Amino acid sequence: MKKSLPSQIRYLLLICVLQWPVFLANGQDALLEYLETLAPDTELSFLIQGAEGEILAEYEPDKGVPSASIIKIPILLALLEAVENEELSLEDRYHLRNQDKVGGAGELQFEPDGSLLTYRTLATEMIRISDNTATNILIDELGMERIQGWLNERGFTATQLNRKMMDFAAIEQGKQNYTSPAEINRILLMLLDSKSVSAETAASARQLLTACADRQTLPALLPKNLEVAHKTGTLDYVRGDAGIIFGKRPLVVSVFVEHFQEIEEAEKIIAEIGRLAYEIYGR
């Protein structure tokens, strides 16, 4: 029989207590008590890790979930790799075309045809307000196969870029973009490890992710001056956030809530887990 969510958490945290008693001795009850307030049918997956990758708390971290706009994190890193390899510069310019423009999030869809946009602007807007037009231009310029290759070469299997943003024909064909808490955390951990990516690439990615304007989830209940480098994602059936919380002890946290009734309830869950992660492990 499948364990209830709180029972699984209790078991996992028991394991963590044996490994990291300092970090969990005073905190596990608060996390468990909050999780026990959630409706039994809450579809939740999350992973909280320290900067070295040590697992502090988790629930179904390997579950594959529709990534929504969180897939834009590996797109950003594939772009920065191309910049580092001198294949392009962030100051290179792109001529915006009418056929580039798609709806949903973003402001570039309203720019005049022929507007000159630097790749820095495209990257910035892709992360800042999740601009779908900027994202699709970068996918086209880099190549979907190259971006997926960046993931495959590093052993990522759950994280998949299978379609562009707002591609309803692809959606009707069953194509979706995916990730998991474990894999998106591992991508974010690369930004704290100078062995995985260059210091320049890591710094650029962190700076761009810190500018994410959607603060309804992980940052919502954190101190206003606390730096959070993150990217959110939203679909009708999933709300997620994945990021680095730069407290006294940096944390890498990803949370996904699926099949909620109201998006506000999903945002509240993510915000509360972000708050508890910081108060228990990050201060």
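No experiment lies behind these values; they were computed from the predicted model shown.
Between D113 and L96, every side-chain heavy-atom pair lies at or beyond the 4.5 Å cut-off. Two residues are said to be in side-chain contact when any heavy atoms from C-beta on lie closer than 4.5 Å; Y94 and D100 meet this criterion. For the pair P74 and W150, the minimum side-chain heavy-atom distance is below 4.5 Å. Between L47 and Q49, the closest side-chain pair of non-hydrogen atoms falls below 4.5 Å. T232 places none of its side-chain heavy atoms less than 4.5 Å from the side chain of I70.
When all heavy atoms of E58 and P61 are compared, the pair lying nearest together is OE1-CG, 3.4 Å. Considering all non-hydrogen atoms of both residues, I184 and F256 come closest at CG2-CE1, 4.5 Å. Nearest heavy atoms, A68 versus T234: CB-N, 3.4 Å. When all heavy atoms of R239 and F260 are compared, the closest pair comes out as N-CE2, 3.5 Å. The two residues A123 and L76 make their nearest non-hydrogen contact at CB-CD1, 4.1 Å. Pairing each heavy atom of S45 with each of V65, the nearest pair is OG-CG1, 4.0 Å.
Residues E258 and K63 are paired through a salt bridge, judged by an N-O separation under 4.0 Å between the basic side chain and the carboxylate. Looking at R128 and E107, a side-chain N of the basic residue comes within less than 4.0 Å of a carboxylate O on the acidic one, giving a salt bridge. Taking 4.0 Å as the cut-off between side-chain N and carboxylate O, R154 and E81 count as a salt-bridged pair.
A continuous path of hydrophobic side-chain contacts links I75 to L191 [ILVMFWY only; heavy atoms under 4.5 Å]. Put simply, I139 and L235 are part of the same group of oily side chains (I, L, V, M, F, W, Y) that touch within less than 4.5 Å, one to the next. Under the 4.5 Å side-chain heavy-atom criterion for ILVMFWY residues, no single connected hydrophobic cluster contains both L221 and L251. Under the 4.5 Å side-chain heavy-atom criterion for ILVMFWY residues, a single connected hydrophobic cluster contains both I269 and Y278. Tracing side-chain contacts under 4.5 Å through hydrophobic residues (I, L, V, M, F, W, Y), one never reaches I263 starting from I129; they form parts of separate clusters.
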Practice item. List the steps, then state whether side chain to side chain contact (heavy atoms under 4.5 Å, CB included) holds for D92 with T118. Key: CA-CA 5 Å; D92 289 345; T118 65; over 6 Å; no
Review point. Between L31 and Y281, does a side chain to side chain contact (heavy atoms under 4.5 Å, CB included) hold up when you go through it step by step?
Key: CA-CA 11 Å; L31 181 57; Y281 312 115; 3.9 Å; yes
Exercise for review: Check step by step if side chain to side chain contact (heavy atoms under 4.5 Å, CB included) holds for E200 and E84.
Suggested key: CA-CA 9 Å; E200 183 177 358; E84 186 172 343; 6.0 Å; no
Review point. Can you list the steps and then say if R275 with E272 is a salt bridge (Lys or Arg N to Asp or Glu O under 4.0 Å)?
Key: CA-CA 5 Å; R275 177 184 66 82; E272 288 288 354; 2.9 Å; yes
Point to revise | Stepwise side chain to side chain contact (heavy atoms under 4.5 Å, CB included) check, L88 with L79 | key: CA-CA 9 Å; L88 57 85; L79 170 66; 3.9 Å; yes
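Once rounded to the nearest 0.5 Å, the distance linking CD1 of I137 with NZ of K101 reads 9.5 Å. Remark: K268 NZ to E265 CD distance equals 10.0 Å, nearest 0.5 Å. In this structure, the separation between CG on L189 and CD on E54 is 8.5 Å, given to the nearest 0.5 Å. In this structure, the separation between CG on L35 and OG1 on T42 is 9.5 Å, given to the nearest 0.5 Å. In this structure, the separation between CD on E60 and OG on S180 is 11.5 Å, given to the nearest 0.5 Å. Between D241 atom CG and R215 atom CZ the span is 10.0 Å, to the nearest 0.5 Å.
Classified by interplanar angle (parallel below 30°, tilted 30° to 60°, perpendicular above 60°), the ring pair H259/Y237 is parallel.
Both the sub-6.0 Å distance and the 45° axial angle are satisfied by R186 relative to the ring of F156.
A donor and an acceptor atom, one from each side chain of T159 and E183, are located under 3.5 Å apart. For the residue pair N162/Y178, the side-chain donor-acceptor check at 3.5 Å is not satisfied. Defined by atom type and a distance below 3.5 Å, a donor-acceptor pair is missing between the side-chain atoms of E267 and T217. T201 and S204 are not linked by any side-chain donor-acceptor pair at a separation below 3.5 angstrom, with hydrogens and angles left out of the test. Q148 and N152 share a donor-acceptor pair across their side chains, judged by distance under 3.5 Å alone. A donor and an acceptor atom, one from each side chain of K72 and S130, are located under 3.5 Å apart.
Here the rule is side chain to side chain donor-acceptor pair (under 3.5 Å) with K164, and of T135, N136, D140 only D140 fits it. Only one option out of I71, N177, V238 pairs with P66 in a side-chain contact (heavy atoms from CB on, under 4.5 Å); it is V238. Under the side-chain contact (heavy atoms from CB on, under 4.5 Å) rule, V228 has a single partner from L222, V253, I244, which is L222.
Around atom CD of E86, no more than 12 heavy atoms belonging to other residues, nucleotides or ligands sit under 6.0 Å away. Heavy atoms of other residues, nucleotides or ligands lying less than 6.0 angstrom from CZ of R146 number more than 12. Enclosure of atom CG in N98 by more than 12 non-hydrogen atoms of other residues, nucleotides or ligands within 6.0 angstrom is indicated. Atom CD of E91 sits in a crowded spot, with more than 12 heavy atoms from other residues, nucleotides or ligands closer than 6.0 Å. Environment of CD in Q207: sparse, with no more than 12 heavy atoms of neighbouring residues, nucleotides or ligands closer than 6.0 Å.
Side chain of T124 to main chain of R120: a donor-acceptor pair is present (N/O by atom type, distance under 3.5 Å, no hydrogens or angles). Side chain of D193 to main chain of K195: a donor-acceptor pair is present (N/O by atom type, distance under 3.5 Å, no hydrogens or angles). Side-chain atoms of T121 never come within 3.5 Å of backbone atoms of L117 as a donor-acceptor pair (strictly under, hydrogens ignored).
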